[in-house]
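Given the structure is predicted, the values throughout are model-derived calculations rather than measurements.
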Amino acid sequence: MKIVILDGYTVSPDGLAWKPLEQLGTLTVYDRTLPEETIGRVGDAEIVLTNKVCLRRAELEQLPRLRYIGVLATGYNVVDVGAAQAQGIVVTNVPAYSTESVVQMVFAHLLTVTNRTEHYATQNRKGKWTEGPDFCYWDTPLSELAGKTFGVVGLGNIGKRVAGIAQAFGMRVVAYTSKEEADLPPGIGKRPMEDLLAESDVVSLHCPLTPDTHHLISRETLQKVKPSAILINTGRGPLVNEQDVADALKNDRLRAYCADVLSEEPPRDECPLLSCGNAFITPHIAWATDEARARLAGVAVDNVRAFVEGEPKNIVG
């Protein structure tokens with residue numbers, strides 16, 4: 001059985017995580033694959049693993065021997081699941097492997113804005129403290145989280161963990177969610193989106209990207225937000241209209257935008273957020289802790305093994 005990994009580098013740069021697959025078939029691992037290379041590289045393989053390489057109907061129709069697609073992520077929008085099912089192809093994903101890592105990044109971003117630890121470490125290297133006349137030195141606002149309102153958009157696994165940690169900081173938590181209020185964790189109030197935006201000092205996006213949530217944050221919705229608010233996006237780049245967010249930042253209509261995701265990755269130089277001083281952008285690394293990547297690879301390998309043994313699991317669609 002032939003197994004092909006189309007973009008294995010980001011999960012396992014040294015490739016060691018994929019070694020167990022060699023016991024299940026003939027394995028070929030590519031670090032990265034361009035769209036025009038996909039068909040040739042999959043070839044007559046029965047099993048393919050992909051992270052960001054798309055397998056749409058047009059590609060699948062040219063791969064008649066393909067029987068299994070393992071998505072190296074939780075989201076599986078890179079695969080046309082309907083077309084795969086029509087061809088008898090099993091599609092699996094890796095659920096909930098990155099929850100703790102993403103939650104950690106949410107608060108790393110939030111504390112970057114409220115405490116600016118990296119900024120002050122840099123200032124100290126420049127001698128700002130040693131040259132100062134006082135026992136302390138600061139040149140940015142510093143603020144506490146306790147007593148402020150944290151708005152969570154989406155209460156899945158990540159959203160719920162974020163809400164719990166916000167509560168541990170002493171924050172009041174409100175949520176925009178499809179869940180009934182009676183089913184929410186203790187202490188979380190359900191709000192319509194407009195009310196959540198108006199009330200919150202921090203808004204954190206954890207909803208899936210759908211036609212309804214595309215550009216959920218836009219010029220119109222930003223008018224509801226406090227100018228002092230911090231917006232955090234570790235979900236999907238297109239949840240926000242990036243030009244509208246950049247305009248809000250430049251016009252002092254938003255205190256800060258923290259994001260680990262952008263609409264185009266890697267971004268182009270002209271991405272409007274990259275030139276905003278109060279935009280804090282990390283390069284899609286919230287999922288990429290050593291521990292999370294190890295979990296991801298382990299589950300992905302187990303998914304393949306289960307398929308080969310005739311008992312596939314983590315099937316999507």
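- Between Val316 and Val79 there is no side-chain heavy-atom pair separated by less than 4.5 Å.
- Using modelled atom types, one finds a donor on one side chain and an acceptor on the other under 3.5 Å when comparing Asp14 with Ser12.
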Task: Full working for side chain to side chain contact (heavy atoms under 4.5 Å, CB included) between Thr234 and Gln104 - done: CA-CA 11 Å; Thr234 55; Gln104 184 173 309; over 6 Å; no
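- In summary, Lys19 and Glu22 engage in a salt bridge, as defined by a charged side-chain N under 4.0 Å from a carboxylate O.
- Asp201 is listed as a side-chain neighbour of Lys226, based on a closest heavy-atom distance under 4.5 Å.
- With Leu222 as the partner, the side-chain contact (heavy atoms from CB on, under 4.5 Å) test is satisfied by one option alone out of Asn251, Val245, Leu197, Asp247: Val245.
- The shortest side-chain heavy-atom distance between Ser143 and Arg255 falls under the 4.5 Å cut-off.
- Within 6.0 Å of CD on Glu220 lie no more than 12 heavy atoms contributed by other residues, nucleotides or ligands.
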- [ ] List the steps, then state whether side chain to side chain contact (heavy atoms under 4.5 Å, CB included) holds for Thr140 with Tyr120.
- [x] CA-CA 9 Å; Thr140 69; Tyr120 287 107; 2.7 Å; yes
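- Residues Phe169 and Phe107 place their aromatic rings such that the two centres sit under 6.0 Å apart.
- With contacts defined as side-chain heavy-atom distances shorter than 4.5 Å, the pair Val94/Asn314 does not qualify.
- Within 6.0 Å of the CD atom in Glu37, the count of heavy atoms belonging to other residues, nucleotides or ligands exceeds 12.
- In this structure, Val81 is not a member of the same hydrophobic cluster as Leu49, with clusters built from ILVMFWY side-chain heavy atoms closer than 4.5 Å.
- Lys250 places a side-chain heavy atom less than 4.5 Å from the side chain of Ser275.
- Using a 4.0 Å cut-off between charged nitrogen and carboxylate oxygen, Glu46 and Lys2 do not count as a salt-bridge pair.
- In terms of heavy-atom proximity, Ile230 sits nearest to Val113 at CD1-CG1, 3.6 Å.
- With 3.5 Å as the limit, one finds a donor-acceptor pair spanning the side chains of Arg41 and Thr33.
- A salt bridge is defined here as a Lys NZ or Arg NE, NH1 or NH2 lying under 4.0 Å from an Asp or Glu carboxylate O, and Arg305 with Asp302 meets this definition.
- Inspection of the Tyr9 and Asp7 side chains reveals no N or O donor paired with an N or O acceptor under 3.5 Å.
- Ser218 and Asp244 share no donor-acceptor pair across their side chains, judged by distance under 3.5 Å alone.
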Open item on the list: Quick one, Glu59 with Thr38, criterion side-chain hydrogen bond (donor to acceptor under 3.5 Å, both in side chains). Give me CA distance, side-chain angles, the key distance, then yes/no.
Closed with: CA-CA 8 Å; Glu59 289 82 21; Thr38 302; over 6 Å; no
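- No side-chain heavy atom of Thr92 sits less than 4.5 Å from a side-chain heavy atom of Lys313.
- Looking only at atom types and distance, the side chain of Thr149 has no donor-acceptor partner in the side chain of Glu199 under 3.5 Å away.
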